[in-house]
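First the structure, in the form of structure tokens, and then the observations on it.
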Number of protein chains: 4
Amino acid sequence: MASAGKGVIGGKTVPAGPRRRRKEERPGEIVEAAFEEFARSGFAATKLDDVAARAGITKGTIYLYFPSKEDLFLATMREMSRPSREHLAALTAAPQGPAMAILRSHFTFEYAQMVEDRRTREIIRMLLAEVSRFPDVVERWRAEVIGPEVEALRRVVRYGIERGEFRPSAAEEFPHLLFAPVIMACTWRLMFGDDHALDGAAYLEGHLDLMERGLARGEGDVRG
Amino acid sequence: MASAGKGVIGGKTVPAGPRRRRKEERPGEIVEAAFEEFARSGFAATKLDDVAARAGITKGTIYLYFPSKEDLFLATMREMSRPSREHLAALTAAPQGPAMAILRSHFTFEYAQMVEDRRTREIIRMLLAEVSRFPDVVERWRAEVIGPEVEALRRVVRYGIERGEFRPSAAEEFPHLLFAPVIMACTWRLMFGDDHALDGAAYLEGHLDLMERGLARGEGDVRG
Amino acid sequence: MASAGKGVIGGKTVPAGPRRRRKEERPGEIVEAAFEEFARSGFAATKLDDVAARAGITKGTIYLYFPSKEDLFLATMREMSRPSREHLAALTAAPQGPAMAILRSHFTFEYAQMVEDRRTREIIRMLLAEVSRFPDVVERWRAEVIGPEVEALRRVVRYGIERGEFRPSAAEEFPHLLFAPVIMACTWRLMFGDDHALDGAAYLEGHLDLMERGLARGEGDVRG
Amino acid sequence: MASAGKGVIGGKTVPAGPRRRRKEERPGEIVEAAFEEFARSGFAATKLDDVAARAGITKGTIYLYFPSKEDLFLATMREMSRPSREHLAALTAAPQGPAMAILRSHFTFEYAQMVEDRRTREIIRMLLAEVSRFPDVVERWRAEVIGPEVEALRRVVRYGIERGEFRPSAAEEFPHLLFAPVIMACTWRLMFGDDHALDGAAYLEGHLDLMERGLARGEGDVRG
DNA sequence: AATGAATGAGGCTTCATTCAT
DNA sequence: TATGAATGAAGCCTCATTCAT
């Protein structure tokens with residue numbers, strides 16, 4: 001047992017073989033496991049025993065990397081919402097070409113992200129479920145992810161209006177209206193499970209179509 | 001707390017001391033308190049002690065009316081989602097007049113219900129948060145509340161298409177697209193609190209405007 | 001409901017009818033019910049709710065007659081072991097006729113009492129089960145019931161020896177040996193239930209036969 | 001208590017502090033402590049706190065080894081009745097020599113076991129006290145311990161009759177009659193405590209003497 | 001005398017956290 | 001670094017007891 005997974009190379013003991021545990025990967029593995037459990041059961045009902053079991057380690061080991069369950073939760077949220085955060089950069093670039101093309105491309109990405117990627121979906125669930133216990137997490141997510149997203153959308157809408165592609169509409173004040181179907185599909189799937197999920201491609205196309213007609217300058221519209 | 005001692009209700013002195021009896025009202029009071037606590041903390045993190053304290057009774061009393069915490073939760077969900085259930089009847093009536101008027105009236109109601117009424121909002125939160133523990137509750141809600149709602153919307157859209165008011169669109173297959181802004185406003189408020197709530201009237205009007213333009217038959221649209 | 005079970009005779013309201021509750025009988029009814037429950041579950045596991053339900057009253061009523069669960073238990077034991085106590089008088093009379101006849105008559109009675117009467121059997125169970133909680137009850141039972149019984153048997157044995165019917169034997173010092181088969185049948189039935197009960201009459205006859213042979217002066221025995 | 005801090009076992013220092021680890025010995029220690037408490041107070045009135053305190057651990061530790069109080073009770077009964085179970089093998093050997101010698105040897109053993117060994121005695125008490133809560137335990141004990149015991153006795157009695165040593169008697173049908181004094185001494189001691197215990201050796205001799213006379217073929221008895 | 005709603009102490013059980021190895 | 005036995009605070013639930021009606 002003392003020698004399991006150990007090898008001797010050059011007179012020095014190093015971790016080796018399938019049982020080798022790469023210490024740099026441990027926190028990630030734990031966070032991974034924690035995510036699954038937190039997503040399934042929520043913060044309070046999640047047992048560190050289950051997290052440990054899923055990560056293939058023992059409960060005590062978690063405490064080598066995270067000082068408390070709460071910290072583990074925070075780390076998990078931080079880690080799992082990183083993709084969303086990173087994507088934002090692309091959005092803030094100066095808009096070019098037809099505004100509708102930008103929206104199309106943006107929402108196509110957002111569907112993949114928020115509806116089809118289970119990770120992001122479950123982040124949403126956790127944010128909703130644990131606001132009162134972790135208001136800071138939600139607030140940071142609002143400030144760093146959703147707020148900028150809304151702003152970016154607003155800029156695109158304005159850009160569309162300016163270039164005469166869109167009519168003036170409430171979408172300028174409430175870009176949320178454009179984003180809403182994404183949230184709808186996301187919560188729908190969160191609630192009713194993958195079995196009742198809305199057909200992705202068709203739903204997305206429907207969304208884009210309605211949005212386009214909703215935003216578009218009509219025949220008789222006066223330029224705003 | 002405010003009611004310690006004696007109280008006067010309807011000009012009649014009623015027992016209101018630490019040991020007052022109120023068989024009729026107790027279950028309601030408990031469910032009321034339970035709702036607040038469950039909404040705040042979720043099922044697992046809610047302490048029956050806190051529920052009792054909020055209801056002005058002691059823990060043991062809860063068990064006179066509900067056999068377990070789980071049953072209390074179920075009763076709470078049932079009780080609190082009753083308004084939504086009852087409203088459905090109105091929706092299923094045969095459509096009359098402009099389809100857009102029906103949608104306007106319907107969504108006006110839905111905003112009041114799902115966005116402005118805290119009760120309904122919090123029900124949504126709980127459904128999202130506790131699916132894995134109470135799948136039956138969610139399933140029943142889908143079958144009895146949301147499913148019929150979607151169906152009703154679909155009928156209105158078809159009715160609008162038939163009378164030439166609306167163009168054919170994905171809204172027929174996915175009435176969810178029309179409903180989405182309600183869900184968006186609901187989850188937005190659930191997440192970010194009343195302080196960040198979207199301006200109700202303006203948002204609703206924006207929604208209806210975009211929807212109308214999105215659904216409406218355009219100048220060059222071919223009928224059918 | 002206010003008039004249930006009430007009658008008016010001679011201008012005076014009196015309890016009447018099948019629902020009449022005769023207050024003199026209440027304590028007895030409660031003790032009766034308590035006995036069943038204590039016998040089934042033991043002191044600690046018995047719920048006053050169940051006692052009340054069995055007695056057809058409510059829990060609070062018990063406290064009108066017995067100040068505590070413990071007192072109820074004591075009263076139950078006292079009440080239920082009364083028959084044994086009363087029987088003792090008969091035993092202490094001066095012996096007459098063949099000693100064996102006395103023993104026969106005595107054990108016949110004891111079988112009926114300790115083996116066939118469920119009440120007495122269950123008293124034994126409770127005494128065994130609750131000694132450490134109610135040592136006084138057991139002590140009193142020993143002093144007032146079992147002790148005298150053993151003494152009485154001893155006197156009969158001595159009487160038998162004196163009249164040359166029995167040989168001297170350990171039964172003089174340990175009349176328990178004669179009594180043992182009764183206890184055996186009693187505990188057997190307590191443990192294994194009525195379904196596995198030993199055949200009463202045959203067993204008793206067997207007991208008496210073996211006892212007679214065991215005690216009897218043999219051909220070669222020297223008079224002791 | 002005596003072992004707080006460090007202890008020396010077999011010349012080796014072992015951890016014995018408040019948090020010592022003893023995976024191998026723990027279950028045994030717990031069962032040991034549980035036995036004492038269950039025997040003293042019965043299942044319902046026994047507090048796991050007390051069991052833990054007696055075992056020198058805390059309540060939570062019990063649950064590392066036993067999933068519930070009930071399981072602990074079952075394990076305790078199983079463990080504590082093991083000696084009785086193991087002894088049975090010896091009984092089933094083919095009888096040799098005088099039947100009375102076999103009986104003498106057997107009952108000598110049984111006295112040591114059921115009367116003088118506190119463990120076995122208390123097992124009897126628990127069986128009697130908890131039948132209604134743990135019928136299976138009792139049933140298994142009947143099937144595996146007492147049933148075979150009775151059968152073995154019956155074989156010896158028959159063997160004695162066959163070899164002309166015993167007369168035919170009810171002991172053949174009811175070997176319980178022979179066994180009864182053991183049970184009597186056992187319950188006597190259970191009820192009245194060690195202070196009132198019957199004098200072991202004399203009582204046993206008395207039992208054997210009466211039994212021998214009771215079973216023996218007399219001068220005038222007809223064979224068979 | 002009787003009710004039965006209410007209480008609150010106490011028990012079983014869970015689980016985050018600690019710590020000796 | 002990793003383990004996993006041990007801890008102990010806390011939560012759910014029960015039930016003897018109280019008390020206003």
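Throughout, protein chains are lettered first and strands after them, A, B, ... in sequence-line order, and every chain is numbered starting at 1. Side-chain atoms are counted along with the backbone in the values below, which use heavy atoms only and exclude waters and symmetry mates. Quick caveat: nothing in here was measured; it's all calculated off a predicted structure.
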* Look through every strand shown and name the nucleotide pairing with dA1(E) as Watson-Crick or G-U wobble, where both distances are under 3.5 Å. => none
* To do: Look at the side-chain N and O atoms of Thr61(B) and state whether any lies under 4.0 Å from the OP1 or OP2 oxygen of dA6(E).
  => no
* **5' priority, DNA chain E, between Lys47(A) and Ile62(B) [closest heavy atom]** => Ile62(B)
* To do: Work out which heavy atom in Thr46(C) is nearest to a heavy atom in Lys69(C); give both atom names and the distance.
  => O-NZ, 2.8 Å
* Given that both distances must come in under 3.5 Å, which nucleotide forms a Watson-Crick or G-U wobble pair with dC15(F)? -> dG8(E)
* Please say whether the positively charged group of Arg119(A), taken as NZ for Lys or CZ for Arg, lies over the ring of Phe35(A), i.e. under 6.0 angstrom from the six-membered ring centre and within 45 degrees of the axis. => yes
* When you check the phosphate oxygens OP1 and OP2 of dA1(E), does a side-chain N or O of Tyr63(C) lie under 4.0 Å from one of them? -> no
* Checking all strands, does Leu64(B) fall into the base, sugar-phosphate, or nothing category for heavy-atom contacts under 4.0 angstrom? -> base
* Looking at Tyr65(A), does any N or O in its side chain come under 4.0 Å of the phosphate oxygens OP1/OP2 on dA2(F)? -> yes
* Is the gap between the ring centers of Phe134(A) and Phe43(A) under 6.0 Å? -> yes
* Structure fact -> 5'-most contact on DNA chain F (nearest-nucleotide basis), Phe43(B) vs Gly60(D), goes to Gly60(D)
* To do: Indicate, yes or no, whether a donor-acceptor pair under 3.5 Å links the base of dT13(E) to the side chain of Lys59(D).
  => yes
* To do: Take atom CD of Glu29(C) and atom P of dA1(E), then tell me their distance rounded to the nearest Å.
  => 15 Å
* To the nearest angstrom, how far is Leu72(B) atom CG from dG11(F) atom P? -> 16 Å
* Structure fact -> Taking for Lys69(D) and for Leu48(A) the nucleotide of DNA chain E with the nearest heavy atom, the one nearer the 5' end belongs to Lys69(D)
* Asked: When you look at Glu32(B) and Met80(B), which way does the side chain to side chain contact (heavy atoms under 4.5 Å, CB included) test go after all the steps?
  -> CA-CA 9 Å; Glu32(B) 189 74 24; Met80(B) 292 295 152; 3.9 Å; yes
* When you get a sec, tell me which of dT17(E), dG8(E), dT3(E) is the closest nucleotide to the side chain of Thr58(B)? => dG8(E)
* Asked: Once you round it to whole Å, what is the distance between C1' of dT7(E) and CZ of Arg26(B)?
  -> 11 Å
* To do: Starting from P on dG8(F), measure out to CG on Asp49(D) and report it in whole angstrom.
  => 12 Å
* To do: Measure from CD on Glu25(C) to C1' on dA1(E) and round the result to the nearest Å.
  => 15 Å
* Quick one: do Lys47(B) and Asp50(B) satisfy side chain to side chain contact (heavy atoms under 4.5 Å, CB included)? Show the steps, please. => CA-CA 5 Å; Lys47(B) 290 175 266 185; Asp50(B) 292 346; 3.5 Å; yes
* To do: Could you tell me whether Phe66(D) contacts a base, only the sugar-phosphate backbone, or nothing, with contacts defined as non-hydrogen atoms closer than 4.0 Å?
  => nothing
* Is dA20(E) paired to anything, Watson-Crick or G-U wobble with both distances less than 3.5 Å, and if yes, which nucleotide? -> dT3(F)
* Asked: Nearest-Å distance, CD (Glu70(C)) to P (dT17(F))?
  -> 8 Å
* Nearest-Å distance for atom pair CD/P, residues Glu37(B) and dG11(F) -> 12 Å
